[in-house]
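Notes for the one structure printed next.
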Amino acid sequence: MAIQAVSGSTATALVIIVSLLVLIIGYLRATIVPKAAEKATASVLASTPTEPSKLTKTLASALPESVIAQQNSTEFKRSINSYWAQQECEIVPACVVRPRNAEELSKAVKILKEEFDVEVYRKGDKKTEGLFAVRGGGHSPLPGAASIDDGVVIDLSLFREVTPSEDGTSVVIGGGCKWADVSKVLDGRGLAVVGGRNSAVGVGGLTLGGGLSFFSPRFGMVCSNIISYEIVLASGTITTASSTNNPDLWRALKGGSNNFGIVTSFTARSFSCSKIWSGFLYLPSFQTNKVLSTFHESVNRVNSDTYDNFAAGPIACFSYVHAIGLKIISVNLCYTQAPENEKKWPIYWQTSGFSNLWRIWSTLKVQKLTSATDEMNMLNPPGRRQVFAMTTIKNDPATLAAAHAAYDAAISSLRRVKVKGLVWTLVMQPLLPDWVHKGDANPLGLNDVDEALVIVSFTVNWDEAQNDDFVKSTTRQTVEKIEVFAVANKTAHRYRYVNYCAEWQKPFDGYGQANVEFLKRVSRNYDPEGLFQDGCVGGFKLGLENIEA
Ligand SMILES: Cc1cc2nc3c(=O)[nH]c(=O)nc-3n(C[C@H](O)[C@H](O)[C@H](O)COP(=O)(O)OP(=O)(O)OC[C@H]3O[C@@H](n4cnc5c(N)ncnc54)[C@H](O)[C@@H]3O)c2cc1C
């Protein structure tokens with residue numbers, strides 16, 4: 001790791017800050033993770049196993065090898081403890097169905113659909129409470145996105161195929177893969193896909209929500225690079241959605257989340273990629289103003305002839321670590337090919353303001369994609385209570401400053417309440433017109449974007465359930481404060497990235513009316529009774545009662 005040369009007086013500060021960094025990482029990795037995992041296990045052990053329901057028994061007899069109904073079994077505990085967010089680990093389903101192939105999944109969906117029909121019939125017009133949830137990589141921070149209390153979890157963890165085509169232009173990726181599964185296979189062949197930036201995140205949830213990638217500047221959103229989907233529909237039918245087969249469903253899946261069925265595999269476009277240049281700069285918080293202005297200038301380069309779409313980011317993260325009362329800045333930079341001289345920064349980033357910023361530490365280097373995405377993962381360990389929330393603004397210096405001021409102002413109240421283990425992080429990342437117009441058409445509502453946008457998100461984690469409401473409401477108030485400023489300043493944008501939204505947000509509203517109507521029509525065509533609206537819980541639903549006839 002390169003540490004910048006510093007003068008004698010700053011060397012002491014450097015030693016202190018590096019020690020603090022080591023403390024933070026040690027704190028996150030050694031202490032919190034095991035504690036949280038034990039907590040979830042204990043909560044399950046404490047609950048008295050209930051008599052399996054009729055539905056569980058039906059599933060178990062149809063799929064004896066794939067249903068885990070014994071709540072005290074190791075397999076059951078492993079499944080429910082394998083979510084990223086601690087709140088999700090605390091939800092205890094009645095059973096976990098882990099199909100081994102699309103046919104088994106189809107069988108399970110048919111049983112769930114029969115049960116759903118009976119429930120709906122029994123209740124007349126009333127909706128069901130929800131029967132099941134679908135789990136991909138288990139990385140959604142939304143409680144109940146991929147699990148269900150006392151219901152059925154469809155766990156896709158056995159859908160882990162990664163098969164590149166012979167000519168290297170496409171890859172079949174199982175619906176339960178994590179991005180590490182994909183990059184490990186592709187790294188060895190000098191290939192990559194437009195995929196996630198964190199190795200442990202699931203392909204399913206990320207891709208169905210849109211997907212921001214290191215490769216988005218070159219090829220567009222992750223969803224816009226999916227050639228075809230194999231999907232199990234509400235009827236249990238296994239079908240394919242591509243530009244020629246069910247093209248409406250193909251487009252709807254590019255941002256429509258889990259509203260249409262369960263995707264068993266994605267066929268993604270692939271391209272040559274041997275190594276990338278990526279990593280983080282760590283800076284002290286007194287550099288805030290410089291980081292904000294450098295971020296703004298860097299995002300604005302899309303309008304200059306020095307713009308180079310091999311450059312991705314910057315992703316600027318401002319964190320407050322309550323345990324040690326420290327604010328720290330980290331900035332991710334990326335260039336999706338190795339520079340000629342691997343020891344030097346790529347010209348694009350050398351000529352950006354980031355190269356001159358005084359920093360504590362830099363991890364920037366040429367590396368394989370798996371290693372770069374593992375670095376992201378190390379900074380986001382599982383087993384903590386989590387909340388995300390986001391908004392979208394124009395790349396305007398005053399709005400960026402207002403977003404940071406709102407983040408900063410919240411720290412005082414978070415400090416007062418002493419939220420144990422709190423890490424409060426504001427993230428800013430670009431969303432450029434150049435990216436959102438590339439690749440296949442999608443319903444995200446970004447076609448009319450003609451200027452640089454910035455996704456402003458909060459990723460917040462802490463230790464204790466007693467602080468859930470306070471942290472969530474502080475996060476909400478902070479995002480709303482930024483939105484009020486942006487609206488008044490005419491720098492707000494309607495897009496809300498579904499995968500960064502909190503429960504109270506309405507990401508589909510941001511897609512625009514025509515796109516929402518399109519998604520509702522597709523849902524009605526492929527799932528007329530609304531199994532994936534009312535029977536499948538989790539994530540954001542389309543709200544079909546408003547559908548136009
Ligand atoms: C640490 C971290 C890093 C992240 N980095 C990025 C990033 O670089 N770029 C980015 O765009 N986003 C990123 N995200 C956001 C990420 O896209 C979402 O959290 C996403 O929901 C994770 O998908 P998953 O499959 O792991 O989650 P899950 O919790 O398993 O699923 C999320 C939702 O998708 C549905 N779903 C999952 N798989 C399927 C399937 N095969 N068929 C039907 N429905 C399915 C589930 O039902 C659920 O509602 C990150 C999140 C975290 C926590």
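Predicted, not measured: the structure shown is a model, and the values here were computed from it. Position 1 is the first residue of the sequence, and the numbers go up from there. All values below were derived from every heavy atom in this structure, side-chain atoms included, with hydrogens, water molecules and symmetry-related copies excluded. Read the numbers this way: they start at 1 and go in the same order the structure lists the ligands and their atoms.
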### Query
Any ion pair linking R496 and E483 (charged N to carboxylate O, less than 4.0 Å)?
yes
### Query
Is there a donor-acceptor contact under 3.5 Å linking the side chains of Q533 and D527?
no
### Query
Atom CH2 in W349, atom OH in Y335: separation rounded to 0.5 Å?
10.5 Å
### atom 41 (N) of ligand 1 - nearest protein heavy atom and its distance
V263 O, 2.9 Å
### Message
Side chains of S147 and E88: any donor to acceptor distance under 3.5 Å?
### Response
no
### Query
In the protein, which heavy atom is nearest to atom 13 (C) of ligand 1, and how far is it?
L206 CD1, 3.7 Å
## Note on the structure
shortest atom 11 (O) of ligand 1-to-protein heavy-atom contact is with Y497 OH, 2.5 Å
#### Entry: V222 and ligand 1 - part of the residue with a heavy-atom distance under 4.0 Å
neither
### Query
Nearest protein heavy atom to atom 24 (P) of ligand 1, by residue and atom, and its distance?
G137 N, 3.5 Å
### Message
I'd like to know if Y83 contacts ligand 1, where contact means a heavy-atom distance under 4.0 Å to any ligand atom.
### Response
no
### Query
Is the shortest distance from a heavy atom of G261 to ligand 1 less than 4.0 Å?
yes
### Task
Evaluate the criterion salt bridge (charged side-chain N to carboxylate O under 4.0 Å, His left out) for residue pair R160 and D181; output intermediate values, then yes/no.
CA-CA 7 Å; R160 293 298 260 274; D181 300 329; 2.6 Å; yes
### Task
Select one of side chain, backbone, both or neither to describe which atoms of F388 lie under 4.0 Å from any atom of ligand 1, heavy atoms only.
side chain
### Message
Give me the nearest non-hydrogen protein atom to atom 32 (C) of ligand 1 as residue plus atom name, then the distance to 0.1 Å.
### Response
S140 CB, 3.8 Å
### Query
Of all the atoms in ligand 1, which lie at a distance below 4.0 Å from a heavy atom belonging to L208?
39 (C), 40 (C), 42 (N), 43 (C), 44 (N), 45 (C)
